[in-house]
Amino acid sequence: MNTQERIDALTQSITPARKALLQHPIYTSIDSLDNLQQFMEGHVFAVWDFMSLLKALQVKLTCVTVPWRPVADSEVRH
């Protein structure tokens with residue numbers, strides 16, 4: 001199987017999950033700046049929690065520190 005065939009097979013295998021994600025109700029419920037800000041107030045902690053867990057696992061396997069904090073330079077973060 002060549003690279004393009006593997007990419008096509010992977011794309012086909014994730015299509016149902018991708019469609020479900022694209023139809024998630026969150027996309028229709030965030031219809032104003034206020035709703036977006038409210039969503040982000042909670043979401044930022046979920047992301048921080050996930051990244052802290054990920055980094056904690058990484059500490060056990062490598063040599064990094066916890067809790068995860070983004071670097072100051074926004075260009076580097078992006």
Side-chain angles (χ1 to χ4, degrees):
M1 184 180 287
N2 68 34
T3 302
Q4 187 58 50
E5 290 171 334
R6 290 194 317 236
I7 291 171
D8 292 343
L10 178 60
T11 301
Q12 186 176 9
S13 71
I14 66 170
T15 295
R18 185 175 183 274
K19 284 182 180 178
L21 285 173
L22 291 173
Q23 294 172 355
H24 194 280
I26 193 72
Y27 295 114
T28 55
S29 64
I30 299 177
D31 56 1
S32 68
L33 183 58
D34 287 337
N35 286 348
L36 177 60
Q37 288 171 334
Q38 186 177 9
F39 170 76
M40 291 306 295
E41 284 175 8
H43 183 68
V44 68
F45 290 106
V47 172
W48 187 37
D49 186 51
F50 171 78
M51 291 305 297
S52 294
L53 175 61
L54 181 64
K55 290 297 177 181
L57 291 171
Q58 200 173 33
V59 163
K60 293 184 184 281
L61 303 174
T62 63
C63 55
V64 295
T65 59
V66 170
W68 174 82
R69 290 191 183 106
V71 293
D73 186 348
S74 63
E75 283 289 318
V76 173
R77 282 196 314 258
H78 185 69

Handout entry: Verdict with supporting geometry, L33 and Q37, side-chain contact (heavy atoms from CB on, under 4.5 Å)
Key = CA-CA 6 Å; L33 183 58; Q37 288 171 334; 4.0 Å; yes
Completion exercise
The complete set of side-chain hydrogen bond (donor to acceptor under 3.5 Å, both in side chains) pairs with one or both residues in residues 21-31, sequence neighbours excluded, reads D31-N35
Exercise for the section: Kindly compute the distance separating CG (L21) from NZ (K19), expressed to the nearest 0.5 Å. Expected result: 13.0 Å
Completion exercise
Hits for side chain to side chain contact (heavy atoms under 4.5 Å, CB included) against E5, two or more places apart or cross-chain, chain-then-number order -> M1, N2
Problem - Residues, nucleotides or ligands: over 12 heavy atoms within 6.0 Å of Q12 CD - result: no
Problem - Any L54 side-chain heavy atom under 4.5 Å of Q58 side chain - result: no
Problem - hydrophobic_cluster_shared for F50 and W48, side chain cutoff 4.5 Å - result: yes
Practice task
Show which residues join L10 in its hydrophobic cluster (side-chain heavy-atom contacts under 4.5 Å, direct or indirect), or state none.
Solution key: I14
Exercise for the section: Could I get the full list of side chain to side chain donor-acceptor pair (under 3.5 Å) partners for D8, not counting sequence neighbours? Expected result: Q4
Fill in the blank from the handout: Hits for side chain to side chain contact (heavy atoms under 4.5 Å, CB included) against F39, two or more places apart or cross-chain, chain-then-number order -> I26, I30, H43
